[in-house]
Amino acid sequence: ETQFRQKQYQSAQVTYQAYQKQSAASQNEFYARSFYGLGWSHYKQKEYKSAIKAFDTFINRAAKNENRKLVVDAHTRVADGYFLQKSYPNAIDYYNRVMRFKYIFRDYAAYQIAEAYYRQNKYQQSVNTFDKLITNFKRSEFRDDALDRISDIYATWIRDYNQTLKYAQMLVKDYPKSPLAEVAYNR
């Protein structure tokens, strides 16, 4: 962990793997968590395939009493890894798992699901998911972005200008100081 905190990700990776190879390591209470750390080491180096594998191993080995935040974070990082590899159906699957935890990162997961639909040219599903985000997460830091994305999708892809205007006006009204409000105002 010290190496990771010092941003020595390659060294941390080697240390985690050396620990995991020790004969009694799998009996230690920290064994599962070493895969979480390994996952982050890979993730920080943009080695997403290896990160996914390590986080998945952590998820599968984590005890029922494992820190819930770490388990949800691991699911989120697996989803992000798939998203960054453009494996959108897998990303959506893991973001949905994050949503089912009903804990942290739910608004982020909803936003990413909507983005994944968008990147697959599934514009109506994208709009529907962004709309759920703005309805269910009124205090989300992603809400103004979601309003902007909906307005843009309606304008550019679906070509429903009444809906474009509706969501642009919501953005301007609810977030007048957002840098996105000016763009929405001119949409």
Side-chain angles (χ1 to χ4, degrees), residues 1-120 122 125-126 128-130 132-143 145-146:
E1 266 187 57
T2 303
Q3 293 166 322
F4 182 86
R5 288 184 185 152
Q6 294 174 345
K7 299 182 180 183
Q8 298 172 2
Y9 305 122
Q10 181 65 38
S11 297
Q13 183 179 324
V14 170
T15 303
Y16 283 124
Q17 289 170 329
Y19 167 73
Q20 292 165 353
K21 289 177 185 173
Q22 292 178 4
S23 61
S26 65
Q27 306 307 313
N28 188 295
E29 63 183 295
F30 299 108
Y31 184 68
R33 240 185 233 199
S34 71
F35 287 96
Y36 179 81
L38 180 61
W40 267 110
S41 296
H42 284 298
Y43 192 87
K44 289 291 191 175
Q45 295 177 85
K46 300 181 190 273
E47 298 169 350
Y48 302 119
K49 188 174 182 179
S50 296
I52 289 167
K53 183 178 177 186
F55 283 125
D56 252 342
T57 302
F58 167 74
I59 290 166
N60 292 326
R61 290 183 175 270
K64 298 289 182 213
N65 62 346
E66 180 60 77
N67 180 319
R68 189 173 183 198
K69 184 175 181 179
L70 295 183
V71 173
V72 176
D73 183 65
H75 279 83
T76 305
R77 298 314 139 218
V78 170
D80 287 344
Y82 280 128
F83 187 93
L84 291 165
Q85 291 181 316
K86 300 180 181 180
S87 180
Y88 301 119
N90 288 326
I92 290 168
D93 176 46
Y94 273 86
Y95 287 128
N96 277 322
R97 293 179 193 194
V98 172
M99 298 290 289
R100 286 192 295 273
F101 276 105
K102 296 185 179 184
Y103 191 54
I104 56 173
F105 305 133
R106 289 175 58 218
D107 59 337
Y108 172 77
Y111 188 90
Q112 291 299 100
I113 291 168
E115 275 295 323
Y117 284 134
Y118 175 81
R119 292 175 187 216
Q120 295 176 87
K122 296 178 178 179
Q125 285 177 282
S126 178
N128 294 345
T129 307
F130 279 128
K132 286 178 186 172
L133 185 151
I134 65 169
T135 302
N136 296 331
F137 301 97
K138 300 270 188 206
R139 295 187 182 138
S140 172
E141 66 181 285
F142 304 106
R143 196 167 181 270
D145 291 298

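Keep in mind that the numbers below use all heavy atoms, side chains included, and drop hydrogens, waters and symmetry copies.
When every heavy atom of Ala116 is checked against every heavy atom of Ile92, the shortest pair comes out as CB-CG1, 3.7 Å. Of all the heavy atoms in Gly39 and Ala51, the pair that sits closest is O-CB, 3.5 Å.
Expressed to the nearest 0.5 Å, how far CD of Gln17 lies from OG of Ser41 amounts to 9.0 Å. Distance CD1/Ile113 to CE/Met99: 5.5 Å, rounded to 0.5 Å. Interatomic distance, Asn96 CG to Gln112 CD, rounded to the nearest 0.5 Å: 12.5 Å. A distance of 8.5 Å separates OH of Tyr19 from OG of Ser26, quoted to the nearest 0.5 Å. Here the NZ atom belonging to Lys86 is positioned 8.0 Å from the CZ atom belonging to Arg119, to the nearest 0.5 angstrom.
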Is there a ring-ring contact (aromatic ring centres under 6.0 Å, His included) between Phe101 and Phe105? Walk through the geometry before answering.
CA-CA 9 Å; Phe101 276 105; Phe105 305 133; over 10 Å; no

Apply side-chain contact (heavy atoms from CB on, under 4.5 Å) to the pair Phe35 and Ile59, showing each step before the final yes or no.
CA-CA 9 Å; Phe35 287 96; Ile59 290 166; over 6 Å; no

Steps toward side-chain contact (heavy atoms from CB on, under 4.5 Å) verdict (Thr15, Gln8)
CA-CA 11 Å; Thr15 303; Gln8 298 172 2; over 6 Å; no

Between Tyr111 and Phe130, is a side-chain contact (heavy atoms from CB on, under 4.5 Å) present by the stated rule, with each step listed?
CA-CA 6 Å; Tyr111 188 90; Phe130 279 128; 3.4 Å; yes

Full working for side-chain contact (heavy atoms from CB on, under 4.5 Å) between Gln85 and Ile52:
CA-CA 11 Å; Gln85 291 181 316; Ile52 289 167; 3.4 Å; yes

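Pairs engaging residues 102-111 under the salt bridge (charged side-chain N to carboxylate O under 4.0 Å, His left out) rule: none recorded [sequence neighbours left out]. Identified under the salt bridge (charged side-chain N to carboxylate O under 4.0 Å, His left out) test for residues 31-55, with sequence neighbours left out: Arg33-Glu66.
The shortest distance between side-chain heavy atoms of Tyr117 and Tyr88 does not fall below 4.5 Å. Side-chain atoms of Arg61 and Tyr31, non-hydrogen and from C-beta on, do get closer than 4.5 Å to each other. Side-chain contact between Lys69 and Tyr103: present, with at least one pair of heavy atoms (C-beta onward) separated by less than 4.5 Å. Using a 4.5 Å heavy-atom cutoff, the side chains of Gln13 and His42 are in contact. Side-chain contact between Pro89 and Gln120: present, with at least one pair of heavy atoms (C-beta onward) separated by less than 4.5 Å.
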Show me, pair by pair, the donor-acceptor contacts under 3.5 angstrom made by side chains of residues 74-84, not counting sequence neighbours?
residue : atom : partner : partner atom : Å
His75   : ND1  : Val71   : O            : 2.9
Thr76   : OG1  : Val72   : O            : 2.9
Arg77   : NE   : Asp73   : OD1          : 3.0
Arg77   : NH1  : Asp80   : OD2          : 2.6
Arg77   : NH2  : Asp73   : OD1          : 2.9
Asp80   : OD1  : Tyr95   : OH           : 2.4
Asp80   : OD1  : Tyr108  : OH           : 2.7
Asp80   : OD2  : Tyr108  : OH           : 3.2

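Note on ring orientation: taking the six-membered ring where Trp is involved, the planes of Phe55 and Tyr36 are perpendicular (angle over 60°, cut-offs 30° and 60°).
When atom types are taken as modelled, the side chain of Ser34 and the backbone of Gln20 share no donor-acceptor pair closer than 3.5 angstrom.
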